[in-house]
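See below for the structure under consideration.
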Amino acid sequence: QVHLVESGGGLVQPGGSLRLSCAASQITFRRYVMGWYRQVPGKEREMVATISTGNSTNYADSVKGRFTVTRDNDKDIVYLQMNSLKPEDTAVYFCNADSKGLFTRVFWGQGTQVTVSP
């Protein structure tokens, strides 16, 4: 019954920008660490960015300085602003929610496709 729904993916040219959104329902949003992960065929799913309940952030080295993760606790939405996009950013991007507590609960969205190409 928990739902994480990503949106905002699509086709963009190299150097362009895109903003992904993840809307959460049926969780106490402010208590979860939220994150974005991505995956391409033949590779492991990798962490792109995370944001804690206190708004501390972490980024993969490959996206640092180009991507920004934010959250809106009033609307239960986490965002990923992606600038200066490169072809190697092409992947399916997944939203993640993690309680990080003694009784850990982890949820995933269905994913949204991002394609960076001329």
Side-chain angles (χ1 to χ4, degrees):
Q1 296 185 41
V2 174
H3 295 285
L4 300 176
V5 182
E6 301 96 336
S7 62
L11 176 65
V12 65
Q13 293 183 329
S17 297
L18 209 59
R19 187 176 75 160
L20 306 183
S21 300
C22 172
S25 62
Q26 300 302 113
I27 64 170
T28 306
F29 183 80
R30 68 182 186 278
R31 297 179 182 176
Y32 282 75
V33 175
M34 303 300 299
W36 289 96
Y37 294 70
R38 67 187 182 188
Q39 188 168 25
V40 299
K43 292 187 177 181
E44 293 184 338
R45 186 173 298 185
E46 66 172 347
M47 187 275 289
V48 177
T50 62
I51 182 165
S52 74
T53 57
N55 283 333
S56 296
T57 58
N58 287 288
Y59 298 93
D61 288 341
S62 59
V63 307
K64 188 176 181 180
R66 299 188 297 119
F67 291 10
T68 303
V69 61
T70 57
R71 66 191 295 163
D72 187 334
N73 290 334
D74 292 327
K75 297 181 178 179
D76 291 359
I77 299 175
V78 61
Y79 302 95
L80 184 67
Q81 178 67 48
M82 304 183 292
N83 299 325
S84 302
L85 283 162
K86 305 174 181 179
E88 50 262 45
D89 294 318
T90 297
V92 177
Y93 285 70
F94 297 90
C95 181
N96 168 268
D98 193 332
S99 69
K100 298 290 187 180
L102 291 175
F103 298 92
T104 302
R105 304 183 72 193
V106 180
F107 304 100
W108 293 92
Q110 293 293 315
T112 185
Q113 176 70 231
V114 172
T115 302
V116 185
S117 176

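Heavy atoms only: backbone and side chains are in, while hydrogens, waters and symmetry mates are out. Please read these numbers as outputs of a predicted model, since none were measured by experiment.
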Inset, instruction - Indicate, with yes or no, if V106 and I27 share a hydrophobic cluster defined by side-chain heavy-atom contacts under 4.5 Å among Ile, Leu, Val, Met, Phe, Trp and Tyr. - result: no
Inset, instruction - Would you check if the side chain of E6 reaches a backbone N or O of C95 as a donor-acceptor pair within less than 3.5 Å? - result: yes
Legend entry - N55 vs R71 side-chain heavy atoms within contact, under 4.5 Å: yes
Legend entry - R30 side, atom CZ; D76 side, atom CG - distance, nearest 0.5 Å: 9.5 Å
Inset, instruction - Group every Ile, Leu, Val, Met, Phe, Trp and Tyr by side-chain heavy-atom contacts under 4.5 Å, then state whether F94 and V40 land in the same group. - result: no
Legend entry - Within 6.0 Å of CD in E88, more than 12 heavy atoms from elsewhere: yes
Inset, instruction - Quick one: pull up CD in E46 and OG in S62 and give me the separation to the nearest 0.5 Å. - result: 5.5 Å
Legend entry - Straight-line distance of Y59 OH to T68 OG1, nearest 0.5 Å: 4.5 Å
Legend entry - Any N96 side-chain heavy atom under 4.5 Å of D98 side chain: yes
Inset, instruction - Using modelled atom types only, decide if a donor and an acceptor are shared between the side chain of T90 and the backbone of V116 within a distance under 3.5 Å. - result: yes
Inset, instruction - Measure the spacing between SG of C22 and CH2 of W108 and express it to the nearest 0.5 Å. - result: 11.0 Å
Legend entry - Residues Y93 and R38: side-chain donor-acceptor under 3.5 angstrom: yes
Inset, instruction - Give a yes or no on this: more than 12 heavy atoms of other residues, nucleotides or ligands lie within 6.0 Å of atom CD of Q110. - result: no
Inset, instruction - Please check if V63 and L85 belong to a single hydrophobic cluster, counting links between Ile, Leu, Val, Met, Phe, Trp and Tyr side chain heavy atoms closer than 4.5 Å. - result: yes
Inset, instruction - Evaluate the side-chain proximity of W36 to L20: yes if any heavy-atom separation is below 4.5 Å, no if none is. - result: yes
Legend entry - In one Ile/Leu/Val/Met/Phe/Trp/Tyr side-chain cluster, 4.5 Å: F67, I77: no
Inset, instruction - Start with the C-alpha distance between I51 and V78, add both sets of side-chain angles, then the distance that settles side chain to side chain contact (heavy atoms under 4.5 Å, CB included), and finish with yes or no. - result: CA-CA 9 Å; I51 182 165; V78 61; 4.1 Å; yes
Inset, instruction - Would you indicate whether the side-chain heavy atoms of V48 and L80 approach each other to under 4.5 Å? - result: yes
Legend entry - Spatial distance of atom OH (Y37) from atom CZ (R45) [nearest 0.5 Å]: 9.5 Å
Legend entry - Side chains of V12 and T115 in contact at under 4.5 Å (non-hydrogen atoms): no
Inset, instruction - State, yes or no, whether a side-chain contact exists between D72 and Y79 at a heavy-atom distance under 4.5 Å. - result: yes
Inset, instruction - Indicate the atoms forming the closest heavy-atom contact of Q13 with P118, along with that distance. - result: NE2-O, 3.9 Å
Legend entry - salt bridge (charged side-chain N to carboxylate O under 4.0 Å, His left out) evaluation trace for D89 with R66: CA-CA 11 Å; D89 294 318; R66 299 188 297 119; 2.8 Å; yes
Legend entry - P87 side chain reached by P14 side chain, heavy atoms, under 4.5 Å: yes
Inset, instruction - Determine whether L18 and V114 make a side-chain contact, defined as any pair of heavy atoms from C-beta on separated by less than 4.5 Å. - result: yes
Inset, instruction - Identify whether V69 and L4 are in the same connected component of the hydrophobic contact network (ILVMFWY, side-chain heavy atoms under 4.5 Å). - result: yes
Inset, instruction - To the nearest 0.5 Å, tell me how far K100 NZ sits from T50 OG1. - result: 7.5 Å
